[in-house]
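Supplied in structure tokens, the structure appears directly below.
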Amino acid sequence: MTAENLPDEKALKYDKFYNYSDPENVQTFIAYDIVEGNGTEETVSYESFIESLKELGVIEDDSASNSNIDKKALDEKVLLVADKKDVEKYDKYYYEASNDVEDFYKMYVVDTEKDQILYEVQMSEVAYKDINVENKKDAEQLIEEKSKEFEKALNGVPKDIASVEIVNDEESEMIKVFHIVNYDSPENVKALADANVVTAGYNGTDFVSHSQTVETLSKSGGMKEVK
């Protein structure tokens, strides 16, 4: 991780352990070899922070990925809880993970300067053959059952804060589940925390940390970035 003199929108302000928002702090971290620099820099590069996580193996470097992620679908679903003009102000980061049955794809809209996730869309998809779905009727019945389960799991959180949409993709013979979450205000974060549906990057503050979320889910669920 390197120190550079960067504009605010490219500078890392906080991670789980350190406060980089004060130039004096940055120069202290340089002196103690926590970050690389010659001692005169006043900011730390957010991009170099992500690269350092890749070097440590916390995030897999997936720059040459043949991912099946559907970025367009994720971009469209976030508009269920956010205005397009608000989304376009910020950076988007995409990730993927998988287990024995499902593939997962995530998109975070992030205020990079504040290390704050504003909106999240997760899409999971599972093949008919892996869940014993043989026809359209089976798919519709499963969607009805799962919709009720997911609705109950949201514990009454309003739909403009968190919602679930399940889609039957007959062409690819897949069931796709979209989880859409709005973290853009302290009130929303509190509502999600109270309902126990907040993401891994929440630590009791009034926002959700992107870097902490990525670190936690990379270690526990094998999540990796998709360029």
Problem set entry | Electrostatic pair K159:E151 at N-O distance under 4.0 angstrom |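 So K159 pairs with E151 through a salt bridge.
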
For this session: In sequence, state the C-alpha distance, the side-chain angles, and the governing distance for Y183 and V208, and then conclude on side chain to side chain contact (heavy atoms under 4.5 Å, CB included).
Result: CA-CA 7 Å; Y183 303 108; V208 176; 3.6 Å; yes

Exercise. Is a side-chain donor-acceptor pair under 3.5 Å present for N188 with S185?
Worked result: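 There is such a pair (donor and acceptor under 3.5 Å, judged by atom type) between the side chains of S185 and N188.
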
For this session: Find out whether E120 and M107 are in side-chain contact, i.e. whether some heavy atom of one side chain is under 4.5 Å from a heavy atom of the other.
Result: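 A side-chain contact is absent here, since even the closest heavy-atom pair is not under 4.5 Å.
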
Exercise. Does any non-hydrogen side-chain atom of D206 lie less than 4.5 Å from one of V189?
Worked result: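 With C-beta onward as the side chain, the pair stays apart.
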
Exercise. Does S172 offer a backbone N or O that forms a donor-acceptor pair with the side chain of D169 under 3.5 Å?
Worked result: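 It does hold such a pair.
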
For this session: Dump the intermediate steps for side-chain hydrogen bond (donor to acceptor under 3.5 Å, both in side chains) on D70 and Y105, then the final yes or no.
Result: CA-CA 8 Å; D70 186 347; Y105 305 97; over 6 Å; no

For this session: Might you confirm whether atom CG of N196 has over 12 heavy atoms from other residues, nucleotides or ligands at distances under 6.0 Å?
Result: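 Atom CG in N196 is not crowded, with 12 or fewer foreign heavy atoms closer than 6.0 Å.
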
For this session: Any chance you could measure K152, atom NZ, to S147, atom OG, to the nearest 0.5 Å?
Result: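 Between atom NZ of K152 and atom OG of S147 there are 15.0 Å.
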
Exercise. Could you give the distance from OG (S163) to CG (L80), rounded to the nearest 0.5 Å?
Worked result: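 Going from the OG atom of S163 to the CG atom of L80 covers 5.5 Å.
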
Problem set entry | Between Y95 and F104, ring centroids under 6.0 Å |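 Aromatic pair excluded; centres sit 6.0 Å or further apart.
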
Exercise. Tell me, do M174 and Y128 make a side-chain contact under 4.5 Å, heavy atoms counted?
Worked result: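 No, their side chains stay 4.5 Å or more apart.
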
For this session: Return each pair, listed once, that meets salt bridge (Lys or Arg N to Asp or Glu O under 4.0 Å) where at least one residue sits in residues 135-144; pairs must be two or more places apart or across chains.
Result: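 As it turns out, the salt bridge (Lys or Arg N to Asp or Glu O under 4.0 Å) pairs with a partner in residues 135-144, which skip direct neighbours, are E144-K148.
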
For this session: Give, for atom CG of L142 and atom CD1 of I175, the distance between the pair rounded to the nearest 0.5 Å.
Result: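 The CG atom of L142 sits 5.5 Å away from the CD1 atom of I175.
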
Exercise. Is K71 positioned over the aromatic face of Y94, cation under 6.0 angstrom from the ring centre and no more than 45 degrees off axis?
Worked result: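 K71 over Y94 ring: yes.
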
Problem set entry | Rounded distance (nearest 0.5 Å) linking atom CD of E96 with atom NZ of K106 |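 Here the interatomic distance stands at 13.0 Å.
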
Exercise. With a 4.5 Å heavy-atom cut-off, do V81 and V181 have their side chains touching?
Worked result: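 No. Closest side-chain heavy atoms not under 4.5 Å.
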
For this session: Hey, could you give me the CG/CD distance between D184 and E187, rounded to the nearest 0.5 Å?
Result: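 It is 9.5 Å, given to the nearest 0.5 Å.
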
Exercise. Taking the inter-plane angle between the rings of F150 and H179 on a 0 to 90° scale, is it parallel (under 30°), tilted (30 to 60°) or perpendicular (over 60°)?
Worked result: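 The rings of F150 and H179 stand perpendicular, inter-plane angle above 60°.
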
For this session: Mind running side chain to side chain contact (heavy atoms under 4.5 Å, CB included) on V157 and L192 for me, showing each step along the way?
Result: CA-CA 7 Å; V157 174; L192 291 161; 4.1 Å; yes

Problem set entry | Test log, rule side chain to side chain contact (heavy atoms under 4.5 Å, CB included), inputs H210 and Q116 | CA-CA 6 Å; H210 178 228; Q116 178 181 3; over 6 Å; no

For this session: For residues L154 and V164, determine if any side-chain heavy atom of one lies less than 4.5 Å from a side-chain heavy atom of the other.
Result: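 In short, these two side chains touch, coming nearer than 4.5 Å.
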
Problem set entry | Minimal non-hydrogen separation, A153 against V197, with atom names |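 In terms of heavy atoms, the two residues are closest at O-CG1, 3.4 Å.
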
Exercise. After noting the C-alpha distance and the side-chain angles of V109 and I117, does the key distance pass the side chain to side chain contact (heavy atoms under 4.5 Å, CB included) rule?
Worked result: CA-CA 6 Å; V109 177; I117 296 175; over 6 Å; no

Exercise. After noting the C-alpha distance and the side-chain angles of K92 and D75, does the key distance pass the salt bridge (charged side-chain N to carboxylate O under 4.0 Å, His left out) rule?
Worked result: CA-CA 9 Å; K92 295 177 184 176; D75 290 348; 3.6 Å; yes

Problem set entry | Euclidean distance, I180 CD1 relative to L79 CG, rounded to 0.5 Å |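 Those atoms lie 10.5 Å apart.
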
Exercise. Y90 versus V110: any side-chain heavy-atom pair under 4.5 Å?
Worked result: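 Contact flag for Y90/V110 side chains = no.
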
For this session: Could you give me the CA-CA distance, side-chain angles and deciding distance for K77 and E165, then say whether salt bridge (charged side-chain N to carboxylate O under 4.0 Å, His left out) is met?
Result: CA-CA 9 Å; K77 294 302 179 185; E165 182 177 322; 2.5 Å; yes

Exercise. So which heavy atom on D115 is nearest to which on S209, and how close?
Worked result: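 Reported closest heavy-atom pair: OD2-OG, 2.8 Å.
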
For this session: State, to 0.1 Å, how close N155 and A195 come at their nearest heavy-atom pair, and which atoms those are.
Result: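 Here N155 and A195 meet closest at ND2-O, 2.7 Å.
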
Problem set entry | Side chain to side chain, L74 and M123, heavy atoms closer than 4.5 Å |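 Touching, per the 4.5 Å side-chain cut-off.
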
Exercise. Side chains of Y93 and T112: does their closest heavy-atom pair fall under 4.5 Å?
Worked result: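 Side chain of Y93 against side chain of T112, heavy atoms only: contact under 4.5 Å found.
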
